[in-house]
Amino acid sequence: MTVVAFLGLGNMGGPMAANLVKAGHTVHGYDPAPAALDTATAAGVRATASALEATASAEVVVTMLPSGGHLLDCYAAILPGLAPGTLLIDCSTVAVPDARAAAELARTAGHVPVDAPVSGGVGGARAGTLTFMVGGGPDGVDRAAPLLAEMGSRTVHCGEPGAGQAAKICNNMVLGVTMIAVSEAFVLGRALGLTDQALFDVAATSSAQCWSLTSYCPVPGPVPTSPANQDYAGGFASGLMLKDLRLAHDAATGTGVDTVLGASAAGLYARFVDLDGPGRDFSAIVTAVRDRLLAGDREDQR
Ligand code: NAD
């Protein structure tokens with residue numbers, strides 16, 4: 001049994017903390033949103049009134065926060081009060097430089113940081129089937145492994161601090177681009193008189209095969225579990241896809257890499273979120289392709 005502080009009990013952090021409780025750990029949770037704290041408390045998390053209170057007796061601190069700014073502010077507040085050698089696992093999606101800066105702050109204060117962003121969404125967080133992409137030294141990675149195994153089904157050690165975040169944004173850049181490509185193909189297929197099922201039956205077993213098509217098909221019908229069959233409710237929100245594409249775009253700009261399709265996808269999702277809001281599943285972009293709402297300056301609409 002480990003005493004864990006869990007900071008950020010939202011859509012992802014709440015069920016992840018609940019899985020640590022189920023695994024037998026004592027979890028002290030903090031979230032400034034009362035509703036998030038109440039839901040986590042109902043799942044057995046011990047509510048606290050501040051991040052400092054939550055971390056006071058923690059052996060491990062897990063963070064699941066909205067952004068790198070939140071993470072750096074949080075670390076600045078809690079690091080001085082932690083017991084020496086505390087393991088810090090950040091599962092938020094943040095920019096690679098922010099992840100490296102947070103790791104450096106933690107190491108300088110005498111603690112052991114890892115970045116461990118996730119793939120698998122809210123469903124994976126609830127089911128305990130997340131994939132963790134981990135960056136950090138071997139000591140932190142080894143210590144984090146048992147806890148990550150209680151919140152997920154797969155962990156990949158990607159390299160030094162920040163490497164987990166690097167893998168996350170590269171992966172999600174591909175996801176954003178392929179979702180737009182698959183959406184365009186279905187709209188074009190319809191315009192040519194193809195049924196969605198006929199295109200799916202060919203593409204799913206041909207060279208267009210990809211996760212956006214076969215696991216998460218953006219049109220209703222061919223994949224009954226995809227959010228398209230529930231009017232794009234739930235799933236992975238467009239606003240979060242836009243966040244990740246922007247992180248990838250900033251990383252590309254910072255490293256001088258020319259990600260033309262990634263930048264284009266960021267622009268198209270920015271336009272989609274403007275029109276549709278950030279809440280629907282990101283595969284709903286097919287509706288904007290169909291209704292020809294994404295036209296305009298495609299250079300960079302951020
Ligand atoms: P969320 O907005 O539901 O939860 C974030 C929570 O952090 C909120 O409840 C907020 O009140 C809380 N918070 C803010 N500042 C805090 C602080 N200083 N201390 C403690 N709590 C604080 O967001 P989410 O969907 O749970 O996503 C969390 C992270 O996971 C994000 O970085 C997101 O990009 C990433 N992510 C989300 C998904 C998804 O499907 N939702 C999938 C993969 C990765």
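Just the heavy atoms: all of them, side chains too, but no hydrogens, waters or symmetry mates, feed the values below. Both counts, for ligands and for their atoms, begin at 1 and track the order of listing.
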task = Return yes when Pro66 approaches ligand 1 closer than 4.0 angstrom through a heavy atom, no otherwise.
result = yes

inquiry  = In this structure, does ligand 1 have an atom that sits under 4.0 Å from one of the heavy atoms of Ala51?
reply    = no

message = When you compare ligand 1 with Met12, is there at least one nitrogen or oxygen pair between them that comes in under 3.5 angstrom?
response = yes

inquiry  = Test your reading of the structure: does Thr93 have an N or O sitting under 3.5 Å from an N or O of ligand 1?
reply    = yes

Which segment of [X] sits under 4.0 Å of ligand 1 when only heavy atoms are counted:
| X | result |
| --- | --- |
| Val118 | both |
| Ser92 | both |
| Leu65 | both |

What residue and atom, counting heavy atoms only, is the protein's closest point to [atom], and at what distance?
| atom | result |
| --- | --- |
| atom 30 (O) of ligand 1 | Met64 CE, 3.1 Å |
| atom 6 (C) of ligand 1 | Asp31 OD2, 3.5 Å |
| atom 13 (N) of ligand 1 | Pro32 CD, 3.7 Å |

key: Partner of Val182 under side-chain contact (heavy atoms from CB on, under 4.5 Å), chosen from Val219, Ile285, Leu213   = Leu213

Going by the order shown, which atoms of ligand 1 are within less than 4.0 Å of some heavy atom of [X]?
| X | value |
| --- | --- |
| Tyr30 | 19 (N), 20 (C), 21 (N) |
| Lys243 | 31 (C), 32 (O), 33 (C), 34 (O) |
| Gly10 | 3 (O), 4 (O), 6 (C), 9 (O), 26 (O) |
| His70 | 14 (C), 15 (N) |
| Gly121 | 40 (O) |
| Lys168 | 43 (C), 44 (C) |

query = Is there at least one protein heavy-atom neighbour under 4.0 Å from atom 4 (O) of ligand 1?
reply = yes

query = For atom 21 (N) of ligand 1, is some protein heavy-atom partner under 4.0 Å away?
reply = yes

Would you confirm whether [X], through its side chain, and [Y], through its main-chain N or O, come within 3.5 Å as a donor-acceptor pair?
| X | Y | result |
| --- | --- | --- |
| Glu53 | His28 | no |
| Lys243 | Thr93 | yes |
| Asp31 | Leu9 | yes |

[X] side, atom [atom1]; [Y] side, atom [atom2] - distance, nearest 0.5 Å:
| X | Y | atom1 | atom2 | result |
| --- | --- | --- | --- | --- |
| Glu59 | Thr86 | CD | OG1 | 8.5 Å |
| Arg143 | Ile89 | CZ | CD1 | 9.0 Å |
| Met64 | Leu7 | CE | CG | 12.5 Å |

Ignoring hydrogens and geometry beyond distance, is a side-chain donor-acceptor pair present between [X] and [Y] at under 3.5 Å?
| X | Y | value |
| --- | --- | --- |
| Thr129 | Ser153 | no |
| Tyr75 | Asp90 | no |
| Asn229 | Ser226 | yes |

inquiry  = For Asp231, is there an ion pair with Arg280 - N to carboxylate O distance below 4.0 angstrom?
reply    = yes

query = Hey, looking at atom 40 (O) of ligand 1, which of Phe236, Phe282, Phe6 has the closest heavy atom?
reply = Phe236

task = Ignoring hydrogens, just give me the one of Asp281, Leu9, Leu240, Asn172 whose non-hydrogen atom is nearest atom 39 (C) of ligand 1.
result = Leu240

ask   = Taking the six-membered ring for Trp, are Phe236 and Phe282 parallel (under 30°), tilted (30 to 60°) or perpendicular (over 60°)?
value = perpendicular

